[in-house]
Amino acid sequence: MSLTLNSQIVAETRIQGVTLRSVIGAYELLFGLDVTVLPQHVYARRISIIGAAIQLRGNRTAAQPLGFARPECVFEIRQGPYQNRMTPVLTLPMQCGQLAALERFRDGGDVTFELQVSGVGTDRNGDHSVHDQLLIDIARSDWLQKLRSAGARDVLLLEVPIPLVDRAKEWTSVANDLQRAETYFRDGDYRGCISQCRTALEEAGHQKFGAGDWAGSLLDRLANKRADMTAAEREAALWAAARHYAHLAHHSASDGGVSLYSRADAQLVLTMCASLIARAYC
């Protein structure tokens with residue numbers, strides 16, 4: 001597409017490729033541009049590109065904003081007496097949750113990126129804002145290869161929500177317990193995380209299954225009559241099993257408790273706890 005300044009074409013631009021790159025704890029989307037700067041003998045113009053707002057486009061859904069990509073280094077287009085070519089790169093940092101949301105938006109199909117490029121251009125009349133729109137369609141097979149190359153297929157990209165937004169009053173204590181469990185996890189207190197998950201599951205279980213020893217009866221049925229269990233009863237057994245696993249973090253060592261847990265232990269329990277409670281609330 002044409003990059004113009006005051007209705008004068010300065011350069012022809014296109015996206016020559018998209019790369020997904022892994023960094024510590026996150027990813028980066030790199031948009032490689034191919035810019036052909038047109039010659040100008042009378043008055044050379046220049047354009048400084050600030051970056052580009054990135055949107056996802058789909059066939060059945062409205063465009064969704066993904067973030068703002070910035071140049072990896074100074075990106076300035078200067079006209080001269082001869083045509084020249086530039087291959088700058090725009091970089092968009094992406095958290096794992098963003099990549100998971102992108103996958104949900106893609107829904108197993110192709111992916112289209114729309115770049116709204118913006119910058120400031122200068123000619124004999126002063127400074128002017130500059131805008132350009134670029135599109136690139138990436139086929140499903142090509143996108144899957146990018147995920148593999150970045151190692152993103154080695155990580156399960158699922159969003160597990162921490163409930164509960166606009167929650168009902170009776171779920172308030174459950175939500176607070178779960179949010180405290182997440183705080184313990186981030187602070188590296190894995191026993192505290194698991195113990196708090198147990199509290200959240202206990203209260204949520206009372207809300208879902210009724211007061212009393214709801215978990216014990218479910219585990220008894222799992223042990224003795226598992227072949228006859230319905231799908232709903234098998235899901236309920238997951239609640240009981242998660243609570244049962246977390247139980248030892250809730251007690252002191254003299255009472256048979258376990259004081260040392262790994263990050264993987266806490267991640268397992270927190271993920272299951274959040275998923276079960278979110279599913280119950282929805």
Side-chain angles (χ1 to χ4, degrees), residues 1-23 26-95 98-99 102 105-106 109-147 149-150 152:
M1 299 186 73
S2 299
L3 193 62
T4 62
L5 176 59
N6 238 0
S7 301
Q8 299 297 315
I9 299 176
V10 176
E12 298 291 345
T13 59
R14 69 180 184 90
I15 304 173
Q16 64 176 350
V18 178
T19 302
L20 183 66
R21 180 169 67 188
S22 176
V23 296
Y27 300 90
E28 289 179 335
L29 265 179
L30 308 178
F31 296 89
L33 305 184
D34 187 350
V35 181
T36 300
V37 184
L38 303 183
Q40 175 57 249
H41 300 280
V42 179
Y43 183 83
R45 302 171 180 86
R46 70 176 186 272
I47 296 175
S48 295
I49 299 299
I50 300 170
I54 313 297
Q55 289 193 318
L56 291 172
R57 296 181 59 168
N59 294 327
R60 299 183 299 275
T61 56
Q64 297 292 320
L66 187 60
F68 193 82
R70 301 185 184 278
E72 285 198 315
C73 57
V74 176
F75 180 8
E76 186 168 85
I77 298 170
R78 288 178 176 267
Q79 284 185 306
Y82 304 104
Q83 177 174 295
N84 65 84
R85 184 167 175 254
M86 306 172 64
T87 55
V89 175
L90 300 179
T91 302
L92 175 67
M94 290 191 68
Q95 299 300 315
Q98 286 178 284
L99 191 54
L102 191 160
F105 180 91
R106 186 174 66 85
D110 303 338
V111 60
T112 299
F113 294 103
E114 175 185 303
L115 278 66
Q116 295 286 348
V117 180
S118 59
V120 177
T122 302
D123 63 9
R124 67 181 69 189
N125 298 312
D127 295 339
H128 312 273
S129 61
V130 174
H131 301 281
D132 195 10
Q133 183 186 74
L134 303 173
L135 291 176
I136 184 168
D137 299 314
I138 301 178
R140 173 182 177 275
S141 57
D142 291 341
W143 179 249
L144 291 179
Q145 183 56 48
K146 294 179 190 301
L147 291 173
S149 298

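Residue numbers count from 1 along this sequence.
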Reported [atom1]-to-[atom2] distance for the pair [X] and [Y], which is rounded to 0.5 angstrom:
X    : Y    : atom1 : atom2 : value
I47  : L5   : CD1   : CG    : 5.0 Å
E28  : T91  : CD    : OG1   : 5.5 Å
I136 : L115 : CD1   : CG    : 9.0 Å
Q133 : H131 : CD    : NE2   : 12.5 Å
M94  : L66  : CE    : CG    : 4.5 Å
Q40  : Y82  : CD    : OH    : 14.0 Å

Minimum side-chain heavy-atom gap [X]-[Y] below 4.5 Å:
X    : Y    : answer
L90  : I54  : no
L147 : L99  : yes
N84  : M86  : yes
R45  : N6   : no
L102 : Y27  : no
I15  : F113 : no
Q8   : D123 : no
L30  : E72  : yes

Give a yes or no answer on whether the side chain of [X] reaches the backbone of [Y] with a donor-acceptor pair at less than 3.5 Å.
X   : Y    : result
Q98 : Q95  : yes
Y43 : R124 : yes
Q79 : V37  : no

Give the minimum heavy-atom separation between [X] and [Y], together with the two atoms involved.
X    : Y    : answer
Q55  : P65  : CG-CA, 4.0 Å
E76  : S48  : OE2-OG, 2.8 Å
P81  : P39  : O-CB, 3.5 Å
S22  : A150 : CB-O, 3.2 Å
V120 : V130 : C-CG2, 4.2 Å

Partner of L3 by side-chain contact (heavy atoms from CB on, under 4.5 Å), out of V35, I9, I49 =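 The single option meeting the side-chain contact (heavy atoms from CB on, under 4.5 Å) with L3 is I49.
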Residues that R85 engages under salt bridge (charged side-chain N to carboxylate O under 4.0 Å, His left out), provided they are two or more places apart |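 Once residues adjacent in sequence are excluded, the partners of R85 under the salt bridge (charged side-chain N to carboxylate O under 4.0 Å, His left out) criterion are D34.
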Could you walk me through whether S141 and Q145 pass the side chain to side chain donor-acceptor pair (under 3.5 Å) check?
-> CA-CA 6 Å; S141 57; Q145 183 56 48; over 6 Å; no
CA sep, side-chain torsions, deciding dist, call: V18, V111, side-chain contact (heavy atoms from CB on, under 4.5 Å) = CA-CA 11 Å; V18 178; V111 60; over 6 Å; no
Qualifying residues under ring-ring contact (aromatic ring centres under 6.0 Å, His included), relative to F75, sequence neighbours excluded |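 By the ring-ring contact (aromatic ring centres under 6.0 Å, His included) rule, F75 matches no residue at all.
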Is it the case that more than 12 heavy atoms not belonging to R140 sit under 6.0 Å from its CZ atom?
->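 Open.
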